[in-house]
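Structure record follows, encoded as structure tokens.
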Amino acid sequence: MKVKVISVLEDNYMYLVIEENTREAIAVDATVPKRLLEIVKKEEVKLTTILTTHHHWDHSRGNEELVQLCPGLRVYGADERIGALTHKLTHNQELKFGAICVRCLLTPGHTLGHMCYFMWEDNCPDAPAVFSGTWRCFFVLHTPRSQGDALFIGGCGRLLEGTAEQMYRSLNETLGTLPKETKVFCGHEHTVRNLKFALKVEPDNETVKTKLAWAKARDDDDIPTVPSTLGEEFHYNPFLRVVN
């Protein structure tokens, strides 16, 4: 499984996940069709599936155009407000795309229909991944992966539709119990902002200081800070450290 990180809009990420045996590909949060199809062509793969984390325009606005451009394209998500939706998902539903396994994790908070995607390949030594998509974060491992606006590097998504209790369960009971080696791919580049807040919460946390310096250097060079790992997040993400 190969993951291409694609920067779009002001600070969004969309992802192309490639099944290397079949050369078929899954897009996560297909926001900018032209840019996505450029990567699809460059990688010489066939786009078969879109996984949408939630209905907000900056995560789903490309769905309708892509369905027109790619006949037979499947669009998955948990919210009927997602454009061009063909397959509505439920919590803990599992999907299979060649060797890639996907577990769909409903993570309400940012929106009530927010879905994260945990991906892995059986009999593969790589870590899993999680795509979390929310306003600030996204998880991915090479065995499992996930993305969206539920969990960000060093932070989490804003509460727009759900409650604080729902977000707590989404972060600490649903995402927080995934394998610690899981790679985290989030939907936005907000790492510096998140870690500045984390430092206010824990001004003596040396891990936060180190990660913030690293993230600032990446930001200065216009280099993505994704992915992190879930295990790392427990050292500097205040929204996961509430249980520590």
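Residues take their numbers from the sequence shown, with the count starting at 1.
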4.5 Å side-chain heavy-atom contact, [X] and [Y]:
{"X": "Leu37", "Y": "Leu69", "result": "yes"}
{"X": "Thr90", "Y": "Leu106", "result": "no"}
{"X": "Asp58", "Y": "His188", "result": "yes"}
{"X": "Glu19", "Y": "Thr22", "result": "yes"}
{"X": "Ile18", "Y": "Met1", "result": "no"}
{"X": "Gln166", "Y": "His114", "result": "no"}
{"X": "Asn92", "Y": "Cys104", "result": "no"}
{"X": "Glu80", "Y": "Lys88", "result": "yes"}

Between [X] and [Y], does any side-chain N to carboxylate O distance fall below 4.0 Å?
{"X": "Glu206", "Y": "Lys209", "value": "yes"}
{"X": "Asp122", "Y": "Lys96", "value": "yes"}
{"X": "Lys46", "Y": "Glu24", "value": "no"}
{"X": "Glu233", "Y": "Arg241", "value": "no"}
{"X": "Arg23", "Y": "Glu44", "value": "no"}
{"X": "Lys180", "Y": "Glu232", "value": "no"}

Looking at [X] and [Y], what are the two nearest heavy atoms and their distance?
{"X": "Lys2", "Y": "Glu43", "answer": "NZ-OE1, 2.8 Å"}
{"X": "Cys70", "Y": "Leu47", "answer": "SG-CD2, 4.5 Å"}
{"X": "Ala78", "Y": "Gly113", "answer": "CB-O, 3.7 Å"}
{"X": "Asn205", "Y": "His235", "answer": "ND2-O, 3.2 Å"}
{"X": "Val67", "Y": "Ala84", "answer": "CG2-CB, 3.7 Å"}
{"X": "Gly83", "Y": "Val75", "answer": "O-CG1, 4.0 Å"}

Gap separating the [atom1] atom of [X] from the [atom2] atom of [Y], nearest 0.5 angstrom:
{"X": "Ile82", "Y": "His56", "atom1": "CD1", "atom2": "NE2", "answer": "10.5 Å"}
{"X": "Gln68", "Y": "Leu66", "atom1": "CD", "atom2": "CG", "answer": "10.0 Å"}
{"X": "Leu240", "Y": "Tyr168", "atom1": "CG", "atom2": "OH", "answer": "10.0 Å"}
{"X": "Asp29", "Y": "Thr53", "atom1": "CG", "atom2": "OG1", "answer": "3.5 Å"}
{"X": "Leu195", "Y": "Tyr236", "atom1": "CG", "atom2": "OH", "answer": "7.0 Å"}
{"X": "Asn237", "Y": "Phe197", "atom1": "CG", "atom2": "CZ", "answer": "10.0 Å"}

Classify the side-chain pair [X]/[Y] by whether it contains a donor and acceptor separated by less than 3.5 Å.
{"X": "Ser170", "Y": "Thr107", "result": "no"}
{"X": "Glu189", "Y": "Ser7", "result": "no"}
{"X": "Arg61", "Y": "Thr31", "result": "no"}
{"X": "Thr52", "Y": "Asn63", "result": "yes"}
{"X": "His54", "Y": "Asp79", "result": "no"}

Legend entry - Cluster overlap Ile223 with Ile6, hydrophobic side-chain contacts below 4.5 Å: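 They do not share one cluster, since no chain of ILVMFWY contacts under 4.5 Å joins Ile223 to Ile6.
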Inset, instruction - Indicate if Trp214 and Leu199 have the same hydrophobic cluster label, given that clusters are the connected sets of ILVMFWY residues with side-chain heavy-atom separations under 4.5 angstrom. - result: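 As far as the 4.5 Å side-chain criterion goes, Leu199 and Trp214 are not connected within one cluster.
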Inset, instruction - Give the C-alpha distance, both sets of side-chain angles, the deciding distance and a yes or no for side-chain contact (heavy atoms from CB on, under 4.5 Å) between Leu16 and Val3. - result: CA-CA 6 Å; Leu16 187 68; Val3 178; over 6 Å; no
Please check: side-chain N/O of [X] versus main-chain N/O of [Y], any donor-acceptor pairing under 3.5 Å?
{"X": "Thr210", "Y": "Thr207", "answer": "no"}
{"X": "Glu202", "Y": "Asp204", "answer": "no"}
{"X": "Glu121", "Y": "Cys124", "answer": "no"}
{"X": "Asn12", "Y": "Val8", "answer": "no"}
{"X": "Arg81", "Y": "His55", "answer": "no"}

Inset, instruction - Decide if atom CD of Glu94 counts as having more than 12 heavy atoms of other residues, nucleotides or ligands within a radius under 6.0 Å. - result: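 Counting other residues, nucleotides and ligands, CD of Glu94 exceeds 12 neighbours.
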Inset, instruction - State whether the number of non-hydrogen atoms from other residues, nucleotides or ligands found under 6.0 Å of Asp222 atom CG is greater than 12. - result: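 Open.
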Inset, instruction - Starting from the C-alpha separation in whole Å, work towards a yes-or-no answer on side-chain contact (heavy atoms from CB on, under 4.5 Å) for Leu178 and Phe118. - result: CA-CA 9 Å; Leu178 295 175; Phe118 182 66; 3.7 Å; yes
Legend entry - Verdict with supporting geometry, Lys216 and Lys196, side-chain contact (heavy atoms from CB on, under 4.5 Å): CA-CA 10 Å; Lys216 285 180 176 177; Lys196 285 180 178 179; 4.0 Å; yes
Inset, instruction - Could you label the plane-to-plane angle of the Phe97 and Tyr76 rings as parallel, tilted or perpendicular, counting under 30° as parallel and over 60° as perpendicular? - result: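 The rings of Phe97 and Tyr76 stand perpendicular, inter-plane angle above 60°.
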Inset, instruction - Show the numbers, then the answer: is there a side-chain contact (heavy atoms from CB on, under 4.5 Å) between Ile100 and Val102? - result: CA-CA 7 Å; Ile100 298 175; Val102 181; 4.2 Å; yes
Inset, instruction - Start with the C-alpha distance between Glu38 and Arg35, add both sets of side-chain angles, then the distance that settles salt bridge (charged side-chain N to carboxylate O under 4.0 Å, His left out), and finish with yes or no. - result: CA-CA 5 Å; Glu38 287 174 352; Arg35 179 63 178 145; 3.3 Å; yes
